[in-house]
> 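Submitted below is the structure of interest, expressed as structure tokens.
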Amino acid sequence: MLKNKEVSEEKKPSGNKFSRFIRKNAQYIVLVIAVIILVNPDAKSFVLRQLMATGLFNASIDKKGDGTVSQANTDFDFADEKGNIQNTASLRGKVVFINFWASWCPPCRAEFPSIETLYTQFKDNPDIFFLTINEDSDPATGKAYLEKEKFSVPMYQSNGNVPAEIYSGALPTTVVLDKNGKVRLHHVYFGKCSHPIPLQTVQLN
């Protein structure tokens, strides 16, 4: 019994030593983790996805339908991957989900899985158009990111000026236009896009 007691007492200091090490170096450890998150886009996007999972950053649709941005200010030209140019005015009669993003943007990376989920759910709905606009300086970089992550979301680029009421340069920015071209959602920074947007989106007139 005495030997067992001595052995247990010998083990205690090792646990206490580890605890003391953690307490003594807590600030340093936190600093290292913070640097990794700031430097590594994937690490930062992972942390942001965990925050999004709490629901604090979820965006919501304006149910009243009284968009504060005039219809004329919502239209702009965009190009698909083949260079075909189209204007948002040609999308009247459809709900338009617009997302401005870039591959180097951690918040964009954080919310993109939920956008992919939303796209997968509604890509075959003829009344909804997904306008995901890449803001990388080199389109090939954005395309490579989508392929690497196996995202099927289509990639577009703006062609010319985009109204400041739609996009002011902050990434990511998400906008939803109703079938009349009125802004029903304008959300800057990131948010989980799989819920509750889908149920609300299909009801926009």
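Numbers here are sequence positions counted from 1.
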> Run Val95 and Lys179 through side-chain contact (heavy atoms from CB on, under 4.5 Å) and show every step you take.
CA-CA 5 Å; Val95 171; Lys179 294 179 180 180; 4.0 Å; yes
> For a quick test of reading the model, state the closest non-hydrogen atom pair linking Asp127 to Gly93 and the distance between them.
OD1-O, 4.3 Å
> Work out which heavy atom in Pro172 is nearest to a heavy atom in Glu111; give both atom names and the distance.
CB-OE2, 3.1 Å
> Applying side-chain contact (heavy atoms from CB on, under 4.5 Å), name anything that partners Asp124, two or more places apart in sequence or on another chain.
none
> Ignoring hydrogens and angles, tell me if any N or O in the side chain of Thr174 forms a donor-acceptor pair with the backbone of Asn99 under 3.5 Å.
no
> Report yes or no: does Thr173 contribute a side-chain atom to a donor-acceptor pair with the main-chain N or O of Val188 at less than 3.5 Å?
no
> In Å and rounded to the nearest 0.5 Å, what is the CD1 to CG distance from Ile128 to Leu118?
7.5 Å
> Would a distance-only check, ignoring hydrogens and angles, find a side-chain to backbone donor-acceptor pair under 3.5 Å from Arg109 to Ser103?
yes
> Residues two or more places apart in sequence or in another chain: which of them pass ring-ring contact (aromatic ring centres under 6.0 Å, His included) with Tyr119?
Phe130
> Backbone N or O of Pro113 within a donor-acceptor pair of the Thr117 side chain at under 3.5 Å?
yes
> When rounded to the nearest 0.5 angstrom, what is the spacing between OH in Tyr145 and CH2 in Trp104?
13.0 Å
> Asn84: which residues meet the side-chain contact (heavy atoms from CB on, under 4.5 Å) condition with it, sequence neighbours left out?
Asp80, Lys82
> State which residues pass side-chain contact (heavy atoms from CB on, under 4.5 Å) with Ala79; sequence neighbours excluded, sorted by chain then number.
Ile85
> Out of curiosity, Asp178 CG to Arg184 CZ, how far, rounded to the nearest 0.5 Å?
5.0 Å
> State the CD1-CD1 distance between Ile133 and Ile166, to the nearest 0.5 angstrom.
9.5 Å
> Output, in order, the C-alpha distance, side-chain angles, deciding distance and verdict of side-chain contact (heavy atoms from CB on, under 4.5 Å) for Arg92 and Asp75.
CA-CA 10 Å; Arg92 296 289 187 269; Asp75 293 328; 2.9 Å; yes
> Any chance you could measure His186, atom NE2, to Thr74, atom OG1, to the nearest 0.5 Å?
11.0 Å
> How far does CD of Gln157 sit from CG of Asp77, to the nearest 0.5 angstrom?
13.5 Å
> Would you call the rings of Phe112 and Trp101 parallel, tilted or perpendicular, taking 30° and 60° as the class edges?
perpendicular
> Say whether, by atom type as modelled, one donor and one acceptor occur between the side chain of Glu116 and the main chain of Val153 under 3.5 angstrom.
yes
> Evaluate the side-chain proximity of Val183 to Leu177: yes if any heavy-atom separation is below 4.5 Å, no if none is.
yes
> What are the two closest heavy atoms between Ser137 and Pro139, and how far apart are they?
O-CD, 3.7 Å
> Under the ring-ring contact (aromatic ring centres under 6.0 Å, His included) definition, can you give me all pairs with a residue in residues 153-174, not counting sequence neighbours?
Phe78-Tyr156, Phe100-Tyr167, Phe129-Tyr156
> Any side-chain heavy-atom pair from Ile98 and Phe76 closer than 4.5 angstrom?
yes
> Please collect all salt bridge (Lys or Arg N to Asp or Glu O under 4.0 Å) contacts where either partner lies in residues 131-144, sequence neighbours excluded, each pair once.
Glu81-Lys143
> Please find the pair of heavy atoms, one from Asn87 and one from Ala89, that lie closest to each other, and give the distance.
OD1-N, 2.8 Å
